[in-house]
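As structure tokens, the structure follows; a few thoughts come after it.
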Amino acid sequence: MPGKLKVKIVAGRHLPVMDRASDLTDAFVEVKFGNTTFKTDVYLKSLNPQWNSEWFKFEVDDEDLQDEPLQITVLDHDTYSANDAIGKVYIDIDPLLYSEAATVISGWFPIYDTIHGIRGEINVVVKVDLFNDLNRFRQSSCGVKFFCTTSIPKCYRAVIIHGFVEELVVNEDPEYQWIDRIRTPRASNEARQRLISLMSGELQRKIGLKVLEMRGNAVVGYLQCFDLEGESGLVVRAIGTACTLDKLSSPAAFLPACNSPSKEMKEIPFNEDPNPNTHSSGPSTPLKNQTYSFSPSKSYSRQSSSSDTDLSLTPKTGMGSGSAGKEGGPFKALLRQQTQSALEQREFPFFTLTAFPPGFLVHVGGVVSARSVKLLDRIHNPDEPETRDAWWAEIRQEIKSHAKALGCHAVVGYSESTSICEEVCILSASGTAAVLNPRFLQDGTMEGCLEQRLEENLPAGCGFCHIPYDELNMPFPAHLTYCCNCRKQKVPDVLFTTIDLPTDAIVIGKGCLIQARLCRLKKKAQAEANATAISNLLPFMEYEVHTQLMNKLKLKGMNALFGLRIQITVGENMLMGLASATGVYLAALPTPGGIQIAGKTPNDGSYEQHISHMQKKINDTIAKNKELYEINPPEIAEEIIGSPIPEPRQRSRLLRSQSESSDEVMELDLSHGKKDAFVLEIDDTDAMEDVHSLLTDVPPPSGFYSCNTEIMPGINNWTSEIQMFTSVRVIRLSSLNLTNQALNKNFNDLCENLLKSLYFKLRSMIPCCLCHVNFTVSLPEDELIQVTVTAVAITFDKNQALQTTKPHVEKSLQRASTDNEELLQFPLELCSDSLPSHPFPPAKAVTVEKASPMGEGNFRNRSAPPCANSTVGVVKMTPLSFIPGAKITKYLGIINMFFIRETTSLREEGGVSGFLHAFIAEVFAMVRAHVAALGGNAVVSYIMKQCVFMENPNKNQAQCLINVSGDAVIFVRESELEVVSAQQPTANCQPLCTGGEVTT
């Protein structure tokens, strides 16, 4: 459908001085869309020009509206020489193309220049008129909505979840074209920025077409990344989950969709069919933001997750339909057949969602991952996407077969990533194998009787832990026990998953962030030899990362990991692995055994002493952690329950955790006999290092919790005070005598110090929790390690929290806090800043949320008034899919922005940290301006997908590329919704933010 784009340039303000003689500027604006350009008049001698231009009209095709950004360039008019560029604004027209979206984009946009940063602001009004066109052969996909959030967006209901969509587009990188040798850095950066925004527009349009073919109307969990392949091109690729969404309109159905978990818990059973697994009419909001009720009372059976498998093993055949357990064999087979047929129409039954409508997940089989090392210079035809498509197809195929081997037919929480160094590229994909309920995959063809059967068979709160594979021919050696909750089905001893904790899962205590960090040196080599060296190292690295995660999980006294994200990054002379996950204690899984150290040389007395000392330290740490995270599982008297486990051995059998992660073959010889503990053999210095590194992780100071999932398990009384931050640290290694140990220590310290400095800076928010902690590590050059972290700090109400806990826990909390004060409060900043061992101290850039940097600094005080009206004080930004204490009323469209910043005066701008800090603050300001212009007052699911930093200290130069995205929304504070406050449930599990206690 062709359309008309209308643009009006209103005014500018705070422009830079361009004319030295008069200290003023003669500014005019060029407005460009496609190949058409309009110019405003020159406004002479003013830094705050008032152009008030007429409407510039572009008549265009709607596919151009999707692909092209509107380009606004502000210039300074010179009579005799060429006009000087002041800066540009790119405006994405896409949000205006939805049916219920904004009708106009209007507001002040920062004018951005890749060399000087933000240089003033410009006021622009943009409108689009579309003519309906029912052409079957159209190339556009107007009207398909895109969401970054990895759950069904609030205020929508999933009618059908169609499945996986992916697309990839390639182009030459302007940096590597011949003309680049003669053009200015500014022209080069702008060519790159423009190209990437064009490519991402095209990508979105193509994915939209695929969704329309599937008869969907939205993409949820949309993740777009770009790969800078150097000589062989620039790739922009995206994956997502196609859905058919329905907007919730009736107020009754709308209430539970707001974000007060306990309200949702209480009300859905009333306004729906009493059977929670069969309601088809009401909202299937993503129940991501619910409290985790500790009683298995009336919680949904929303299934997910199971034993950790790294799955580098070959899939065994003939196990697709093994029935799990003795219960419901024929029924389960029938259910599986139905789902199988629903999923077999799809090439890849993958879902990028991490939280699901209730009843969607039935069982989880564990983590599946695949990696592959490729050489970029072997691509036959670099300008065409075929080769890369084939590479990804190969990896996806592998993931699919891994999931089959686990008796699962789908993969949830799926994501893909790459790491490139010169011509070597590592492609990675991972997800969680799962069994899904076919009801959401087709148009309600499932009979009611099946629904009833499903209901009886799945006990609430633990069904998702039950194994989906057949215990007689398991795909890997695992230690199974009967579920500690329902005693009917088998569960594994540990559970690794990449999804968020299901809302109905019964959790004991709180969760915590668990990180495994690893560096490995490799020789510098060229092409083929390099690729071989890397592929030989990969399995060992992955194994060690899993071992570390496993040990740290045991040390914390927990038995399951959620939100697992393993990145392996390749550099010129090393490989780095960083795994982050949130550990929890699931009531359904067996209690983890301790860690026992066994030495190889028993004759040496002092050695024995050392070992027993270490053992004592480990036992103390486990005890302390159990207290800190309030893990006190009830002791089960098995005789009363009459469990099917034979009596004499049952105690030890329930408590024993044997093999490493359930598939690590090397560990098997340790699991003979009745050992309650997990044994660590110390046979060389490396093993000793490992044990030491286990014990060096400092717990967060009291009053702080951290996790990398959206919601902290075990905390449910959030206040509405949130603070998002992004922090980048670059550390230069001294290249003298690097060993694996020294590297590991450096990397460990870097991450620990980063976390410590965050705790220090956020100390005024105690008690608070860092949610969605997203670490990204990259090796931009030789001897440089860069760690980027984005997270959001949310305060919670401690008094409410303590009413529910027992008095002895309070005492232990006080005790813990005094210990930590001595340990942490003072040496914090010292240890992160004074690191004389490096040629220069590590550069740090921490950017806390700020308002637009144009003279509005007073927004730093956190008691800003709640945004009630549409004129927004400051746009809230959060990586979560919701805003605590508020209700999202409208999604305005996806924000997807790409910026390049370059400097030739790095030292003058405050070194690496000054440069990065300023750049990230500007990115925040530009994102906020775009959201405000759409009429929004917040960005949710915000993510900085890439931050590529390159520096040349000798030439005093640096360059940084940042890619961010998120969903622009309008939210309303719950305190302003009288309806809601009238319906406050008086339950002991408090809502997120009850009407009376909003602390804005």
Side-chain angles (χ1 to χ4, degrees), residues 91-92 94-96 98 100-110 121 123-126 145-149 153-156 247 254 257-260 289 718-725 792 794 848-854 856-897 921 923-943 964-978 980 992-993 998-1000:
I91 300 177
D92 183 14
D94 215 39
L96 293 178
Y98 302 147
E100 72 248 28
T103 50
V104 58
I105 299 178
S106 140
W108 288 95
F109 291 91
E121 294 173 285
N123 193 340
V124 183
V125 185
V126 184
K145 295 189 233 14
F146 285 81
F147 300 96
C148 289
T149 166
K154 317 285 163 290
C155 74
Y156 284 96
K247 196 159 172 62
F254 205 38
C258 68
N259 297 306
S260 309
N289 333 323
W718 307 107
T719 61
S720 57
E721 192 173 334
I722 63 171
Q723 174 80 55
M724 189 190 83
F725 55 86
V792 61
I794 315 185
V848 174
E849 268 202 280
K850 288 197 199 97
S852 143
M854 316 288 154
E856 297 170 300
N858 59 344
F859 274 111
R860 284 308 298 279
N861 63 342
R862 290 206 189 82
S863 52
C867 320
N869 46 2
S870 56
T871 57
V872 182
V874 55
V875 172
K876 279 230 173 281
M877 293 173 74
T878 170
L880 307 175
S881 63
F882 64 98
I883 294 167
K887 183 170 120 181
I888 294 174
T889 55
K890 193 170 184 186
Y891 280 81
L892 301 168
I894 195 169
I895 297 284
N896 198 349
M897 298 166 94
V923 169
F924 278 11
M926 287 182 281
V927 169
R928 287 200 161 90
H930 280 258
V931 173
L934 283 170
N937 57 5
V939 183
V940 294
S941 302
Y942 170 85
I943 170 174
V964 296
S965 63
D967 296 319
V969 298
I970 299 176
F971 74 92
V972 186
R973 286 249 169 260
E974 270 178 22
S975 51
E976 292 153 26
L977 294 171
E978 299 84 348
V980 178
L992 229 96
C993 186
V998 179
T999 53
T1000 36

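Both backbone and side-chain heavy atoms feed into the values below; hydrogens, waters and symmetry mates do not. Worth saying up front: this structure is predicted, and the values here are computed from it rather than measured.
- Residues passing the side chain to side chain contact (heavy atoms under 4.5 Å, CB included) test with Asp92, sequence neighbours excluded: Asp94, Pro95.
- The ring-ring contact (aromatic ring centres under 6.0 Å, His included) search around Tyr942 returns Phe924, not counting sequence neighbours.
- Taken from CD1 in Ile970 to CD1 in Ile888, the straight-line distance is 11.0 Å, to the nearest 0.5 Å.
- Ser965 meets the side chain to side chain contact (heavy atoms under 4.5 Å, CB included) test with Cys148, Asn896, Ile943, Lys945; sequence neighbours excluded.
- Of all non-hydrogen atoms in Met877 and Val927, the two that sit nearest each other are CE-CG1, 4.0 Å.
- Under the side chain to side chain contact (heavy atoms under 4.5 Å, CB included) criterion, Ala933 pairs with Ile105, Phe109, sequence neighbours left out.
- Of all heavy-atom pairs spanning Val875 and Arg928, the tightest one is O-NE, 2.6 Å.
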- Would you check, one step at a time, whether the test side-chain contact (heavy atoms from CB on, under 4.5 Å) holds for Tyr891 with Cys155? CA-CA 9 Å; Tyr891 280 81; Cys155 74; 4.0 Å; yes
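- Note that OH of Tyr156 and OG1 of Thr149 are 12.0 Å apart. Values are rounded to the nearest 0.5 Å.
- Put simply, CD1 on Ile894 and CG on Asp967 are 6.0 Å apart, with the number rounded to the nearest 0.5 Å.
- Here the closest non-hydrogen pair linking Pro884 and Arg973 is O-NH1, 3.8 Å.
- Atom CD1 of Ile794 is separated from atom CG of Leu880 by 4.5 Å, given to the nearest 0.5 angstrom.
- Remark: Lys154 NZ to Ile883 CD1 distance equals 10.5 Å, nearest 0.5 Å.
- Taking all atoms of both residues into account, the shortest heavy-atom contact from Glu121 to Pro110 is CG-CA, 4.1 Å.
- Residues satisfying the side chain to side chain contact (heavy atoms under 4.5 Å, CB included) criterion with Val104, sequence neighbours excluded, are Ser106, Val125, Lys127.
- Expressed to the nearest 0.5 Å, how far NE2 of His930 lies from CE of Met897 amounts to 3.5 Å.
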